[in-house]
Amino acid sequence: MTALDIVIFGGSGDLCLRKLMPAFYFLKQQGKLPENSRILALSRGRISQNDFRTRVLDKLKIFLGASYDETQAQAFVQGVTYMPLDIPDDSSWDGLVEYLSPVDDRDIIYYMAVPPTLFGTVCAQLRRTGLNPANSRLVVEKPLGENQASAEEVNEILAASFAEKQIYRIDHYLGKPAVQNILAFRFDNGLIEHKWNRDHIDNVQITVAEMVGVENRAEFLDRTGILRDMIQNHLMQILCFVAMDAPAQLTADDVRDQKVKIVQALCPVTAADIQDHVVRAQYAAGEIDGRAVPGYLEEIDGRKLAATGETFIAVKAMIANDRWRGVPFYLRTGKRLSGRFARIVIGFRSQNGGTSRVIINIQPDMTICFDHEVITGQPTGDIRIPDAYEKLLSDVIAGDQSYFVRHDEIIASWQWIDGIRAAWTDLEMHTYAAGSMGPSASDDLLAAGSNIWYED
Ligand code: BG6
């Protein structure tokens, strides 16, 4: 394996300590990190090497749980280096240049664990210092824009320093093993794939339910709302995997070409039909796990927020292609719902007028069931399911972009989302009790098509 340097901007932040370090720890255990690889964490603070390593070790103890092994963890942190970096300050980059030189005798992975407002400066500095050779890769994560125009700006910023084949846009749902299994389930299984179309499928439901509220992210969530926080990325990715045609080959671009075709085939939602396609809502006070919780407006009371962010959304999406014309794809996601789960339900038309279903559980269990019979996977018990970051980072190391989002897909998805937002100016903001599965209007959305949400 080629030698590898992993360089993390925002190296002392929560994402790095909570997700990236544990992922690299496991990859090292599995021999998926080249022997002579180095991990470099960069941040503005002035933390000593020792203090940083101790901090990583403490977090590993917490986040690895039963998988924590003192000897292995000690060995791992010895391979982690901390370096202070003040991103806008040119002279501050000398140390990094020296550390990485010569840049072309190893692979370099840059991870942007910093807010998107810093992407431009980091990319410009990497270009200025010549630290962006062809053997380097850049990993970025949402939010990648807040609408089509800003997403295009982000793409331009990245493209000014890196070629598309060097850019890995993470959507952590694509790293969930159960999401990755959708493609294998469909395309390795002739019988299923043969029936995977409008002649046999009546409707598709995708639900990502959360029990948490807005917590300390009220400012962000009130501004973006859950349409942009969850549907534009995670639920759209699941939708693409369910709906896409088989790629000619399982190459990254074949897979991504098929996904883009689905996003581009989504019927735009207009002001004239928004009522029949979208339900948005905010949670009111209620009960979660037997505990009384306040409503959204009470939670954000006292902060200077517009209070316009939806915490629940249900969307009926239609795909204008031969395979899916006329089949509703119902997408639903929300905070403070009655459970935490992600699930796809494929409703098949059956001969005798009833319905049979394939249920793909994404989390917490990872099973695929046909009318309640488990046909593959197992309830997530004592086996360790690799975290999404571990899966995705191992793909970045291997140079495989299949499960990363290409620039044209990002733009196409924003186009559809922007259309919804432009159309919904007069759409009612419903409320729902915390601990329920959303407002009754979400049931009405399906009732209009003689459907009901599948609930366990
Ligand atoms: C993030 C969203 O991308 O995904 C959060 O910003 C959400 O609002 C989270 O809570 C859900 O991810 P998971 O993996 O916990 O289902």
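Just so you know, these numbers use all the heavy atoms, side chains as well, and skip hydrogens, waters and symmetry mates. Order of listing sets the numbers, starting from 1, for every ligand and every atom in it.
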Those residues that, when tested against S413, pass side chain to side chain contact (heavy atoms under 4.5 Å, CB included) (two or more places apart):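 If we apply the side chain to side chain contact (heavy atoms under 4.5 Å, CB included) test to S413, skipping adjacent residues, the hits are Q232, M236, V263.
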Pairing of D387 and K19 as salt bridge, 4.0 angstrom limit: yes
N-O pairing of D229 and R217 below 4.0 Å: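 A salt bridge links D229 with R217.
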Aromatic plane relationship, H172 with Y389 - under 30° parallel, 30 to 60° tilted, over 60° perpendicular: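 If you compare the ring of Y389 with that of H172, the planes turn out parallel.
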Report each N/O pair between ligand 1 and the protein that falls under 3.5 Å, naming both atoms.
unit_1: ligand 1; atom_1: 3 (O); unit_2: K142; atom_2: NZ; d: 2.7
unit_1: ligand 1; atom_1: 3 (O); unit_2: H234; atom_2: NE2; d: 2.6
unit_1: ligand 1; atom_1: 4 (O); unit_2: H234; atom_2: NE2; d: 3.4
unit_1: ligand 1; atom_1: 6 (O); unit_2: K142; atom_2: NZ; d: 2.9
unit_1: ligand 1; atom_1: 6 (O); unit_2: R217; atom_2: NH2; d: 2.8
unit_1: ligand 1; atom_1: 6 (O); unit_2: D229; atom_2: OD1; d: 2.7
unit_1: ligand 1; atom_1: 6 (O); unit_2: D229; atom_2: OD2; d: 3.3
unit_1: ligand 1; atom_1: 8 (O); unit_2: R217; atom_2: NH1; d: 2.8
unit_1: ligand 1; atom_1: 8 (O); unit_2: D229; atom_2: OD2; d: 2.6
unit_1: ligand 1; atom_1: 8 (O); unit_2: K335; atom_2: NZ; d: 2.7
unit_1: ligand 1; atom_1: 10 (O); unit_2: E210; atom_2: OE1; d: 3.3
unit_1: ligand 1; atom_1: 10 (O); unit_2: E210; atom_2: OE2; d: 2.5
unit_1: ligand 1; atom_1: 10 (O); unit_2: K335; atom_2: NZ; d: 3.2
unit_1: ligand 1; atom_1: 12 (O); unit_2: H172; atom_2: NE2; d: 3.1
unit_1: ligand 1; atom_1: 14 (O); unit_2: H172; atom_2: NE2; d: 2.8
unit_1: ligand 1; atom_1: 14 (O); unit_2: K176; atom_2: NZ; d: 2.6
unit_1: ligand 1; atom_1: 15 (O); unit_2: R340; atom_2: NH2; d: 3.0
unit_1: ligand 1; atom_1: 16 (O); unit_2: Y173; atom_2: OH; d: 2.5
unit_1: ligand 1; atom_1: 16 (O); unit_2: Q363; atom_2: NE2; d: 2.9

F312 ring center near Y432 ring center (under 6.0 Å):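 Ring centres of Y432 and F312 closer than 6.0 Å.
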From D400 atom CG to Y168 atom OH, the distance as rounded to the nearest 0.5 Å: 7.5 Å
